[in-house]
Amino acid sequence: MTKKLATLVAMLACCVFGALAQRVATTPVTDVKTGDYLLLVHSDKTAADGSWAYINTSNKNRVSTDAASLGTTAYAGSKIENNAYIWHVEKQSDGKITIQSVAQKTYWPTARGYYEKDYYPAHITTGSSANAFELIALSDGFALKSTTAVTNIIGTKVNRTPTIYVVNNNNSQIGYHGGYDDSKIESKSEIARVEFYPLQAFTELTYNYVFDGEVRTSVKVNAVDGEEYPTPTTAISLPDFIAAPTLKPEGIYHDGAATSYNLQLASTLPFTLSTDANRVYYYLAAGAGTEGRTMLYANGKDLNLRAEAQANNLTAMRNDLWYVTGNPYDGLQFHNVGSGTTAMSYLVLSNQTELRLSPGAGGGHDTWKIYKISDNAFGLYSYTKWIYNGGISYKSGNVAWTIKDSEVKFMEIDANAPNTSDAFAFQAIEPTYVLPLHDSEADNAAFATTCAPFNFAIVGDDVKAYAGKLSADGKELDMKEIEGNVPANQGVILKAAMGVSEVTVKVVNTADAIDNDLKGTNAEMTDLSQVYVFGRDKDTRHVGFFNAAGDAALPANRAYLDKPAQEAANAVAMNFGDGTVTNINTAISAQSTDNAPIYDLSGRRVQRTVKGSLYIKGGRKFMAQ
């Protein structure tokens, strides 16, 4: 459910040393200068990557190293915080260095040696008098070279000052055997090879990770003047489908700059979240694949499943449409457009509840967390606590949507390893719909009219949508191509080349207003007495708008024209502005008999005739058959 964004950098970076306001550099220096350091010691007795030198206050202030089994774990513990691992180095004019414990303010002293031995068994115990060490560069650090006066067994000095090297040969203490002479430096694995990691003054910065204007998580980092803003080493916990495009500010940090930075998180959801003012519509399908998916749709106030297919019409398609609000942090709500409700548990959420669009007697839960199944598929779940075992006790856990027994139900899942099978997978799919077009040989084009209860766009370039404006005499409809999306509830003409049999439209967020005399209906119209409907001239076969003939209703999602108060014509031609006019004007008189209004003998206009009754049409009486 939640992922960790971790940065793979050395553990050395960004360590805090109490009130010192310093950090450890990520790499050792090759030129040791005066300053504070951590000393990483290499020998055959240290951890594979070295062990850290510290002052062992519980053992006579001896200089010790972490045991090989501990390695670099000192960085995470209190040893760093109490300064036991911090050493102050002073570089002398001759290039030699002294090493002092920051915690105890005492120095690594001169080693002692005995006449009878080639080694010098005194431990290096920090003392008040400093010893200067020459740095001998090796492949994995510096050997610390010095000399010492030798005494005999009685304690008197011997005229001998051999070269010695600091060693580490008992898994814990530096200098356990003193040192070796110069000729043996390359052959003695006990010699301590020391890497110097400098401490640097830093400023603590806060990185705030923001989503939807709210800080969701923060991390602390230690920035050094003149260096790039540091990448955090602390893992950042993010929900699925949330990403951090950048983990840190760009550029170089300088002292005096801001100490708090807001960094934007981004949604990687396979759908766009909606707001009340901007709704983005989808189909909600079950199944991670593309074959055999099941569509979730509103059946009144219930949630039903059906095979993924096209709705009966654009109005019915509203029951298939969903939009999603919320966010992956606080939860998502899935709103059904047709029902005006959200997907919710029918009763108090448990691993036995069904998903509905309306709550049951016990209410309903409708806010869901999301987890990733694939780039396009997701699972939905929520944590809940429910009564079980006959109401005797309670059970709690995460329950997820799943398809079971031809319904969406809930099943308990492990939040750390959620079920990703097809039965738990859902997809938000771009909502499209296919409309048929019909050839008109007389006009050398294919046409349809439509009206949708939502904004839509035409997919592809083969089909154009047109609005229309009536001419002053009411005999022609000047057509203008709609640039961009088609607004909801507008009647429009769809036109394509001959042979184009269908057009795909998709639901979109917005559409600009259009100037349009065409009307549209999203429900069936039965009273057509005051409108012109789209059809063909019976003689010329050109398309246009005519008086309705017969008793057939105008289906939903069609365009029509309102008749003026004083009928100017029995038909209206369409002028597409490129010299193309659907030539029906010459056929108006021929159409007048078929399309003329019908009146009863009292002069009242009627829509339907009764068999055997007398009516007037086109100025002539007739008996309805």
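Throughout, numbering of the chain's residues begins at 1 and tracks the sequence.
The side-chain tip of Lys385 points at the ring of Tyr394 from less than 6.0 angstrom away and within 45° of straight on. Taking the ring centre of Tyr329 as origin, the terminal cationic atom of Arg216 falls inside the region bounded by 6.0 Å and 45° from the ring axis.
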What's the verdict on side chain to side chain donor-acceptor pair (under 3.5 Å) for His365 and Thr384, showing C-alpha distance, side-chain angles and the deciding distance?
-> CA-CA 10 Å; His365 182 88; Thr384 186; over 6 Å; no
Step-by-step side-chain contact (heavy atoms from CB on, under 4.5 Å) determination, Tyr283 to Arg293 = CA-CA 11 Å; Tyr283 295 139; Arg293 290 184 300 207; over 6 Å; no
Between Tyr209 and Leu238, does a side-chain contact (heavy atoms from CB on, under 4.5 Å) hold up when you go through it step by step?
-> CA-CA 10 Å; Tyr209 296 93; Leu238 300 176; 5.6 Å; no
Hey, mind stepping through Asn208 and Ser218 against side chain to side chain donor-acceptor pair (under 3.5 Å) and telling me if it holds?
-> CA-CA 4 Å; Asn208 300 311; Ser218 298; 2.6 Å; yes
Please assess Ser350 against Phe410 for the test side-chain contact (heavy atoms from CB on, under 4.5 Å), listing each intermediate value before the final yes or no.
-> CA-CA 7 Å; Ser350 75; Phe410 296 99; over 6 Å; no
Show your working on side-chain contact (heavy atoms from CB on, under 4.5 Å) between Thr353 and Trp386 and close with a plain yes or no.
-> CA-CA 11 Å; Thr353 314; Trp386 66 91; over 6 Å; no
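Using modelled atom types and a 3.5 Å distance limit, the side chains of Ser374 and Asn376 yield no donor-acceptor pair. For the residue pair Tyr381/Asn419, the side-chain donor-acceptor check at 3.5 Å is not satisfied.
Of all heavy-atom pairs between Phe211 and Ser267, the closest is CE1-N, 3.9 Å. Minimum heavy-atom separation, Tyr165 to Ala143: CD2-CB, 4.1 Å. Looking at every heavy atom in both residues, Leu40 comes nearest to Gly50 through CD1-C, 3.6 Å. Of all heavy-atom pairs spanning Gln104 and Ile55, the tightest one is CG-CD1, 3.2 Å. Heavy-atom minimum distance, Asp240 versus Pro328: O-CB, 3.9 Å. Residues Thr275 and Arg279 come closest through the heavy atom pair O-CG, 3.5 Å.
When atom types are taken as modelled, the side chain of Trp322 and the backbone of Ala343 share no donor-acceptor pair closer than 3.5 angstrom. Using modelled atom types, one side-chain atom of Thr402 and one backbone atom of Ala423 make a donor-acceptor pair closer than 3.5 Å. Between the side chain of Tyr107 and the backbone N or O of Ala132, no donor-acceptor pair lies under 3.5 Å. No side-chain donor-acceptor contact under 3.5 Å links Asn351 to the backbone of Glu412. Checked by atom type and distance alone, the side chain of Ser43 pairs as donor or acceptor with a backbone atom of Asn168 at under 3.5 Å. Here the side chain of Gln427 pairs a donor or acceptor atom with the backbone of Ala288 at under 3.5 angstrom. Using a distance-only test at 3.5 Å, with no hydrogens or angles considered, no donor-acceptor pair links the side chain of Thr65 to the main chain of Gln173. With hydrogens and angles disregarded, no donor-acceptor distance shorter than 3.5 Å links the side chain of Thr46 to the backbone of His42. With hydrogens and angles disregarded, a donor-acceptor distance shorter than 3.5 Å links the side chain of Ser274 to the backbone of Val280.
Around atom CG of Asp375, no more than 12 heavy atoms belonging to other residues, nucleotides or ligands sit under 6.0 Å away. Atom NZ of Lys409 has more than 12 heavy atoms from other residues, nucleotides or ligands within 6.0 Å.
Rounding to the nearest 0.5 Å gives a distance of 9.0 Å between CG of Asp422 and OG1 of Thr294. The OH atom of Tyr253 sits 4.5 Å away from the CG atom of Asp255 when rounded to the nearest 0.5 Å. Between the CE atom in Met411 and the CZ atom in Phe424 there is a gap of 4.5 Å [rounded to 0.5 Å]. The line from CE of Met344 to CG of Leu355 is 9.0 Å long, rounded to the nearest 0.5 Å. The line from OH of Tyr323 to CG of Leu284 is 14.0 Å long, rounded to the nearest 0.5 Å. Atom CD1 in Ile373 sits 8.5 Å away from atom CG in Leu380 (nearest 0.5 Å).
The distance between the ring centers of Tyr207 and Tyr229 does not fall below 6.0 angstrom. Aromatic rings from Trp401 and Phe334 are positioned such that their centres are separated by under 6.0 Å.
Proximity of Ile370 to Phe426: side-chain heavy atoms (C-beta onward) are nowhere separated by under 4.5 Å. The shortest side-chain heavy-atom distance between Val408 and Ile403 falls under the 4.5 Å cut-off. Residues Asp212 and Glu214 form no side-chain contact, since every pair of their non-hydrogen atoms from C-beta on lies 4.5 Å or further apart. Counting heavy atoms from C-beta on, the side chains of Phe202 and Val221 never come closer than 4.5 Å. Side-chain atoms of Phe378 and Phe271, non-hydrogen and from C-beta on, do get closer than 4.5 Å to each other. Leu332 is listed as a side-chain neighbour of Leu273, based on a closest heavy-atom distance under 4.5 Å. No side-chain heavy atom of Pro28 sits under 4.5 Å from any side-chain heavy atom of Phe196. With a 4.5 Å cut-off on side-chain heavy atoms, Tyr37 and Val194 do not count as touching.
For the side chain to side chain donor-acceptor pair (under 3.5 Å) criterion with Lys91, the lone passing option out of Thr34, Asp31, Thr98 is Asp31.
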